[in-house]
Amino acid sequence: MRILVIEDDNILREATVAILTGEEYIVDQAATGDEGLYLAEQEIHDLIVLDIMLPGISGLEIVKTLRNNGYAISILLLTAKDSIDDRVIGLESGADDYLVKPFAMRELLARIKALIRRKGNLIIEDQLNYGNLSLNGRMKDGFVDEGPLGLTNKEYEILEFLMLNKEQIVTRDQMFDRVWGLDCDTSISVVDIYIHHLRKKLNVYGLDTLIQTVRGVGFMLKES
């Protein structure tokens, strides 16, 4: 799971990133509203941890912009404001949950896990399912019924991203940024190479057509 942390307090942001990384989340970060909105609009994250008071665009403006443009990503707001009105405004703007500073990191982690479960991405603990295809997060491998696919780390991450966005188009840019990172200088053609490898492994079970190519755009996980 990939999380975006948008927080201008350097100490709090770095502590949050360290805790989330320790929990094996992939974490990107931003210290300003403008940078945070840009990263959020790449659609490669599963959840945003978002401070309300930011340099540039505020957290509430980010939420409203994302929701008005149809982004359904889960958003957890962080703020020092603790009045009922402030909480209501945050939630009515489109945020999914609200955490008041100062907070315990254990509570932050619990809220994040609850939002991920609520979104329906995790069918059971550490496992994703689509038809008779499943991904096991602890084993870092995919299975068709009980037959293993023998995935590499990158293959696993690509298939995980496709399953999290099943029956939706995932562009090559989104997949590249999600799996290889925003600052990677590898050619984007590497995406097609790994998709080819994945199809070969799925073909063993007659599922090579499960990953469909959307010509000129990207890919989609969908049963024929």
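Only this structure's heavy atoms are used, side chains among them; waters, hydrogens and symmetry mates stay out. Every value quoted in this text rests on a predicted model; they were computed, and no experiment measured them.
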Quiz item: Sequence neighbours excluded, which residues qualify as salt bridge (charged side-chain N to carboxylate O under 4.0 Å, His left out) partners of R67?
Solution: D96

Exercise. Measure from the side-chain N and O atoms of N165 to the backbone N and O of Q168, and report whether any donor-acceptor pair falls under 3.5 Å.
Key: no

Quiz item: To the nearest 0.5 Å, how far apart are CG in L50 and CD1 in I73?
Solution: 10.0 Å

Quiz item: How close do L39 and Q29 get, heavy atom to heavy atom, and via which atoms?
Solution: CD1-O, 3.8 Å

Could you list the donor-acceptor pairs under 3.5 angstrom formed by side chains in residues 18-25, with sequence neighbours left out?
{"unit_1": "T21", "atom_1": "OG1", "unit_2": "V17", "atom_2": "O", "d": "2.7"}

Self-check item: Donor-acceptor under 3.5 Å (T213 side chain, R215 main chain)
Solution: no

Quiz item: Which heavy atom in V63 sits nearest to a heavy atom in S93, and how many Å separate them?
Solution: CG1-O, 3.2 Å

Quiz item: When you measure from the side chain of N69 to the backbone N and O of T65, does any donor-acceptor pair fall under 3.5 Å?
Solution: yes

Exercise. Check whether any side-chain N or O of Q174 sits under 3.5 Å from a backbone N or O of T171 as a donor-acceptor pair, and report yes or no.
Key: yes

Exercise. Among D177, D46, D28, find the one that has a side-chain hydrogen bond (donor to acceptor under 3.5 Å, both in side chains) with R2.
Key: D28

Quiz item: Should V217 and V170 be counted in the same cluster of Ile, Leu, Val, Met, Phe, Trp and Tyr side chains packed under 4.5 Å apart?
Solution: no

Exercise. Examine distances only and state if a side-chain atom of K64 and a backbone atom of G94 form a donor-acceptor pair shorter than 3.5 Å.
Key: no

Self-check item: Under the side chain to side chain contact (heavy atoms under 4.5 Å, CB included) test, residues paired with D145 that sit two or more places apart
Solution: N132

Quiz item: I75 versus D97: any side-chain heavy-atom pair under 4.5 Å?
Solution: no

Exercise. Report yes or no: do L159 and I169 belong to one cluster of Ile/Leu/Val/Met/Phe/Trp/Tyr joined by side chain heavy-atom distances under 4.5 Å?
Key: no

Quiz item: Looking at residues at least two apart in the chain, or sitting in another chain, which of them share a salt bridge (charged side-chain N to carboxylate O under 4.0 Å, His left out) with D173?
Solution: none

Quiz prompt | Shortest non-hydrogen contact from A31 toward R13 | solution = CB-NH1, 3.5 Å

Practice problem: First locate atom CD1 of I195, then atom CE of M175, and finally report the distance between them rounded to the nearest 0.5 Å. | Solution: 4.5 Å

Quiz item: Is any side-chain heavy atom of F176 closer than 4.5 Å to a side-chain heavy atom of T186?
Solution: yes

Quiz prompt | Over all atoms of both residues, closest heavy-atom pair of F161 and I44 | solution = CZ-CA, 4.1 Å

Practice problem: Find the distance between CG (L47) and CD1 (I112) and round it off to the nearest 0.5 Å. | Solution: 6.0 Å

Quiz item: Can you tell me how far the CG atom of D51 sits from the CG atom of L54, to the nearest 0.5 Å?
Solution: 5.0 Å

Practice problem: Please examine the side chains of M163 and L221, heavy atoms only from C-beta on, and report whether any two atoms are closer than 4.5 Å. | Solution: yes

Quiz item: Side chains of K140 and L151: does their closest heavy-atom pair fall under 4.5 Å?
Solution: no

Quiz prompt | L76 side, atom CG; R111 side, atom CZ - distance, nearest 0.5 Å | solution = 7.0 Å

Quiz item: Taking everything shown except Y38 itself, do over 12 heavy atoms lie less than 6.0 Å from its OH?
Solution: no

Quiz item: Taking C-beta and beyond as the side chain, do I211 and L198 meet within less than 4.5 Å on heavy atoms?
Solution: yes

Quiz prompt | Contacts of H197 that satisfy side chain to side chain contact (heavy atoms under 4.5 Å, CB included) - sequence neighbours left out | solution = E155, I193

Quiz prompt | Side-chain heavy atoms of N136 within contact of D141, under 4.5 Å | solution = no

Quiz item: If you measure from CG on L4 to CD on E35, what distance do you get to the nearest 0.5 Å?
Solution: 9.0 Å

Practice problem: Tell me whether V179 is reachable from I188 by hopping between hydrophobic residues (I, L, V, M, F, W, Y) whose side-chain heavy atoms are closer than 4.5 Å. | Solution: yes

Quiz item: Is there a donor-acceptor pair under 3.5 Å between the side chain of Q212 and the backbone N or O of K222?
Solution: yes

Practice problem: State, yes or no, whether a side-chain contact exists between F219 and V191 at a heavy-atom distance under 4.5 Å. | Solution: yes

Quiz item: Of the non-hydrogen atoms in Y71 and E41, which two are nearest, and what is the gap between them?
Solution: OH-O, 3.5 Å

Practice problem: Taking all heavy atoms of D34 and all of P55, pick out the closest pair and write down the distance. | Solution: OD1-O, 4.3 Å

Quiz item: Are M139 and I158 connected, step by step, through hydrophobic side chains (Ile, Leu, Val, Met, Phe, Trp, Tyr) whose heavy atoms are closer than 4.5 Å?
Solution: no

Quiz item: Would you find more than 12 non-hydrogen atoms of other residues, nucleotides or ligands less than 6.0 Å from K154 atom NZ?
Solution: yes

Quiz item: Is there a side-chain contact between E160 and L128 (heavy atoms, below 4.5 Å)?
Solution: yes

Self-check item: Check: D9 side chain, L12 main-chain N or O, donor-acceptor pair, under 3.5 Å
Solution: yes

Practice problem: Taking ring-ring contact (aromatic ring centres under 6.0 Å, His included) as the test, write out the residues that go with F143, two or more places apart. | Solution: none

